[in-house]
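One structure below.
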Amino acid sequence: MPRLPKLSLSVLVPLCFFILYLCLVCGEYFYEHAELNEQLASKQAEQIQKDLFRMRHVIDSAVASQDFDRIEQEVALVSTEQNMMAYVILDSSSEIHFANHIIWRDSNAQNVLEGYSATQHRAAVANNKPYLNVNFERLSIQAYYPINSNSRFSYSNTVELVYLEYDIANLLSEASESLLKRFIEIWGLGAIVLTLFCIILHFILIRPLIQLSNAAKNLDNLDFTNNIVCVSAEINNLRDYLNRVKARLSRSRKRLNDAEQRWLFAVEGARNGIWDWGIATGDVFVSDRWKEILGYQHYELDNDYSVWESRLHKDDKEQVLNTLQNYINNQHDEYESVHRLRHKDGRYIWVLDRGKIVEWDETGRPLRIIGTITDVSGDVKSQRVPADKMNHNRLTDFINREALADQLYDLQVFSRKTGQFSALLMINLDNFKLINDALGRQLGDRLLMQIAARLSGTFSSAGLVARLGADEFVILAKNLGSEIDQANKRALALASEVRQLIGRGFAISDQNLSINARIGLVVFDGIESLEPQILLARADSALEHAKESTSNGCAIYQPQLDKNQIQPLKLQNELKQAISNQQMSLVYQPVVDRTGQLHSVEVLMRWHHSHFGFISPTKFIVAAELTDCIFELELWALDQVIELIVSLQQTHSVIPIMSLNISSRHFHQDHFVSVVMNRINAAQISPSLLQFELAEDIFVVNANVAKAKIDELKRYGLNIAMDNFGGGSCAVHLLQGIGFSQVKLAAIYIDEIEYNPEKFNIVNAVVDFAIKLNLPVVAKQVENKQQLNLLTHAKCTWFQGYIISRPLSKDDIIQLIKTQLSLSVVP
């Protein structure tokens with residue numbers, strides 16, 4: 001902030017008077033100017049109202065005698081008034097019958113008169129009451145004067161209002177010039193009087209004060225008795241008082257110097273280093289002995305807060321700062337800490353640090369602390385136990401599961417003693433595997449470090465923050481309240497804050513990354529003492545529920561979640577054996593055009609577990625993507641489809657396009673294109689019979705690489721489709737120039753479309769947008785006739801869903817392809 005210039009009294013006092021005088025002059029002028037304008041406008045408005053009253057009687061009389069030339073004459077007479085901007089007689093439709101400018105006649109007033117308002121016209125006629133308005137912005141008077149409509153003559157029912165606009169600019173301008181001239185004469189004389197007053201005031205009062213001020217700057221060297229002469233008794237008293245202050249100051253300086261010498265002797269005898277910290281200002285003083293303890297000369301360190309904090313050992317820093325802050329917050333009776341400070345030669349020494357608050361403000365907040373440090377390295381080194389580094393994760397310095405278990409035990413004890421609920425939040429990062437594969441492990445680690453920094457920087461005060469696995473974190477929060485409902489709400493609010501914090505996006509090596517989080521919560525009071533593994537398992541269950549679309553990304557553990565719940569880790573282990581145990585199968589769902597002709601077939605995976613039965617693809621596909629199982633599953637599906645195509649070719653059937661879903665992780669593998677093309681070429685089938693469906697998140701990272709890989713697959717003849725089009729995870733500009741063979745409309749647009757007109761409008765807009773990009777649109781998951789009708793009207797190209805056909809077995813799809821039956825679609 002720029003500093004204001006310092007002004008002497010000789011300038012400041014006259015300046016203040018002149019500013020005050022100028023404000024009075026301007027205020028008086030603008031007030032009188034406004035008053036004068038109001039008076040003149042009001043007077044002119046009264047005259048206009050009289051003239052309009054006369055005009056109404058002229059019109060009534062002329063209508064009665066059918067002498068309309070008289071109206072013409074009256075309007076022409078008004079036209080001679082040079083300030084009359086507009087004077088017209090209108091009918092109910094705002095058509096002009098008479099006007100002071102002939103060119104306006106038979107025109108609509110709204111088209112030719114700028115200030116005219118049809119609304120005000122109708123209001124004046126309806127109320128049968130004149131409306132006059134002084135418009136100072138246009139410098140005119142506007143009038144709407146209704147004509148008596150009770151006349152028995154037909155013409156009186158044609159014209160109903162006189163509208164005029166009168167220019168008052170010249171009238172106000174002349175008045176303003178006269179007022180300004182008068183003010184210049186009157187207030188100019190006042191300025192001369194004010195100047196003379198300021199000159200007299202300067203010599204009588206201001207000049208002696210300036211002399212007194214200058215003399216006070218040299219209090220030790222000047223004698224005030226003979227230097228300043230003033231007629232003011234108060235200034236003479238001030239001069240005498242300064243002389244007495246001079247004598248007291250001299251005596252105080254001597255006593256202070258003696259006390260300082262005694263204090264320094266006592267400090268040096270104790271061999272302690274002194275520090276003095278101004279909390280409000282941040283100023284810090286450290287003594288020569290303080291510097292000496294750390295191996296520095298008295299001139300080598302600045303008196304700055306960073307001199308102390310920057311030398312704290314990283315393992316002690318948080319504890320020291322918390323201890324100091326707790327003392328400042330009056331949570332402890334004293335400040336005392338044993339910690340390490342960095343010596344000049346690079347080693348760390350142990351010190352005993354003590355401090356005491358010595359100054360407070362008027363509200364009781366601490367302003368200043370004075371303390372000492374003592375070198376206690378010899379006492380500490382023999383007793384200090386090294387920290388167990390095995391309890392920390394090297395990447396983010398977060399504790400692992402073993403250390404977390406101890407914290408969960410302690411947290412349950414704390415909750416039991418205090419009666420306060422606590423919570424375990426398990427955080428899972430969406431698409432981290434994809435980002436890690438696409439960018440490489442080094443950049444993936446950097447992303448984790450940024451996420452860890454955000455979590456620890458924001459939530460460390462709420463409780464413990466820990467990292468469990470490659471893409472999992474936990475937060476232990478306490479003091480959530482003594483009621484379960486309150487604790488659940490506070491835990492969900494904390495989880496929502498975590499999701500927003502992670503969802504803000506990250507910049508890693510010029511890559512803008514978006515990543516979301518799902519959070520499972522367990523709220524507990526410690527009364528039921530649980531093993532940490534049980535709490536973690538419950539958090540896992542809640543996390544699985546949080547991944548469902550209806551959970552908004554957060555879920556609190558409930559006992560019913562354990563029923564028929566397959567733990568993700570167990571699911572991943574079972575997946576590894578699913579193919580070899582022949583538990584995996586494929587089904588085929590037709591995609592048809594409006595006439596019901598088969599266009600393509602989407603290939604879907606199914607898993608029937610020997611123990612758990614049918615497992616939803618939404619569960620096992622997600623579990624597979626967390627491991628490398630997804631690669632094996634999708635390549636197995638490709639082999640099965642190639643085998644089906646070969647068998648159909650042998651029967652000379654017309655084969656539709658077979659569409660397989662490819663995960664973003666698999667797609668971003670370096671050898672993906674070569675692996676799939678080798679299998680296709682080995683089978684000697686046309687790549688044009690295959691289509692890969694890709695999700696929008698392929699563009700989350702390395703968008704340019706993804707585009708290049710799509711172009712390469714298309715050059716080989718493969719069809720590339722985009723699934724979940726419009727889902728929101730892909731910027732529109734990334735679609736430019738790709739030329740997808742089809743885009744599948746996100747299912748969220750179709751859900752309840754038959755009940756929600758606004759959703760139908762959105763679907764229309766999205767489909768129209770895709771068509772303009774030359775992208776054929778597939779409406780999937782169409783379940784009833786109403787949805788089919790609406791999507792047909794929205795001009796979708798192809799359709800897929802249970803209303804057309806359920807997913808078919810291999811034998812059924814072969815039969816359908818061989819017979820080429822038409823599936824009814826047209827409503």
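Just so you know, these numbers come straight off a predicted model, no measurement behind them.
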Check the pair Val88 / Trp104 against side chain to side chain contact (heavy atoms under 4.5 Å, CB included), numbers first and verdict last.
CA-CA 9 Å; Val88 296; Trp104 290 346; 3.9 Å; yes

With under 30° as parallel and over 60° as perpendicular, where do the rings of Tyr116 and His121 fit, or are they tilted in between?
perpendicular

Decide, yes or no, whether a salt bridge links Arg105 with Glu72 under the criterion of side-chain N to carboxylate O below 4.0 Å.
yes

Quick one: does Glu95's side chain get under 4.5 Å of Asn108's, heavy atoms only?
no

Closest heavy-atom pair and its distance - Ala546, Arg518
O-CD, 3.3 Å

With a 4.5 Å cut-off on side-chain heavy atoms, are Leu367 and Ile279 touching?
no

Looking at Ile748, I want to see if its CD1 is surrounded by more than 12 non-hydrogen atoms of other residues, nucleotides or ligands under 6.0 Å.
no

Does Ser496 form a side chain to side chain contact (heavy atoms under 4.5 Å, CB included) with Gln500? I'd like the steps, not just the answer.
CA-CA 6 Å; Ser496 177; Gln500 293 177 29; 3.3 Å; yes

Starting at CE of Met84, measure out to CD1 of Ile141 and round the result to the nearest 0.5 Å.
9.5 Å

Less than 4.5 Å apart, side chain to side chain, heavy atoms only: is that true for Asn784 and Leu788?
no

Asn100 side-chain N/O to Tyr87 backbone N/O, donor-acceptor pair under 3.5 Å
yes

I'd like to know if the side chain of Arg594 pairs up with that of Thr792 as donor and acceptor (distance under 3.5 Å, no hydrogens or angles considered).
no

Just wondering, are more than 12 heavy atoms of other shown residues or ligands nearer than 6.0 Å to CD1 in Ile102?
no

Value rounded to 0.5 Å, distance of CD1 in Ile89 from CE in Met55:
5.5 Å

How many angstroms lie between CD in Gln787 and CG in Leu790, if you round to the nearest 0.5 Å?
8.0 Å

Yes or no on side chain to side chain donor-acceptor pair (under 3.5 Å) for Glu165 and Ser140, after CA distance, side-chain angles and deciding distance?
CA-CA 6 Å; Glu165 185 170 11; Ser140 66; 2.8 Å; yes

Between Tyr166 and Leu164, is any pair of side-chain heavy atoms under 4.5 Å apart?
yes

Least distance between heavy atoms, Leu494 atom then Ala477 atom
CD2-CB, 3.7 Å

Leu113 vs Tyr163 side-chain heavy atoms within contact, under 4.5 Å:
yes

Got a salt bridge between Glu754 and Lys759, using NZ or NE/NH1/NH2 to carboxylate O under 4.0 Å?
no

Of all heavy-atom pairs between Tyr144 and Gly115, which one has the smallest distance, and what is that distance?
OH-O, 3.7 Å

Can any side-chain N or O of Asp361 pair as donor or acceptor with the backbone N or O of Arg365 at less than 3.5 Å?
yes

To the nearest 0.5 angstrom, please state how far the CG atom of Leu791 sits from the CZ atom of Phe760.
8.0 Å

Taking Ile147 as the fixed residue, which of Leu161, Asp60, Val125 is the one that meets the side chain to side chain contact (heavy atoms under 4.5 Å, CB included) rule?
Asp60

Point-to-point distance, once rounded to the nearest 0.5 Å, from OG1 of Thr797 to CD1 of Ile771:
6.0 Å

Short side-chain to backbone donor-acceptor contact, Ser42 and Gln39, under 3.5 Å:
no

Does Asn764 offer a backbone N or O that forms a donor-acceptor pair with the side chain of Asp768 under 3.5 Å?
no

Might you point out which heavy atoms bring Ala109 and Leu90 nearest each other, and give the distance in Å?
CB-CD2, 3.9 Å

Full working for side chain to side chain contact (heavy atoms under 4.5 Å, CB included) between Phe769 and Val767:
CA-CA 5 Å; Phe769 169 71; Val767 174; over 6 Å; no

Trace of the side chain to side chain donor-acceptor pair (under 3.5 Å) decision for Asp69 with Gln73
CA-CA 6 Å; Asp69 290 338; Gln73 292 170 2; over 6 Å; no

Are the side chain of Asp91 and the backbone of Ser94 linked by a donor-acceptor contact shorter than 3.5 Å?
yes

Between CD of Glu758 and CD1 of Ile753, what distance do you get to the nearest 0.5 Å?
12.0 Å

Does Lys744 reach the side chain of Met722, with side-chain heavy atoms less than 4.5 Å apart?
no

Closest non-hydrogen atom pair between Ala747 and Gln781, with its separation
CB-OE1, 3.4 Å

Return the minimal non-hydrogen interatomic distance between Leu492 and Cys554, and the atom names on each side.
CD2-CB, 4.1 Å

Report yes if the side chains of Phe799 and Val778 come closer than 4.5 Å at any heavy-atom pair, otherwise no.
no

For the pair Gln110 (side chain) and Ser117 (backbone), establish whether a donor and an acceptor sit closer than 3.5 Å, ignoring hydrogens and angles.
no

Walk me through it: do Ile96 and Phe98 pass the test side chain to side chain contact (heavy atoms under 4.5 Å, CB included)?
CA-CA 6 Å; Ile96 300 174; Phe98 301 93; 6.0 Å; no

Using side-chain heavy atoms (C-beta onward) and a distance below 4.5 Å, is Ile168 in contact with Leu40?
no

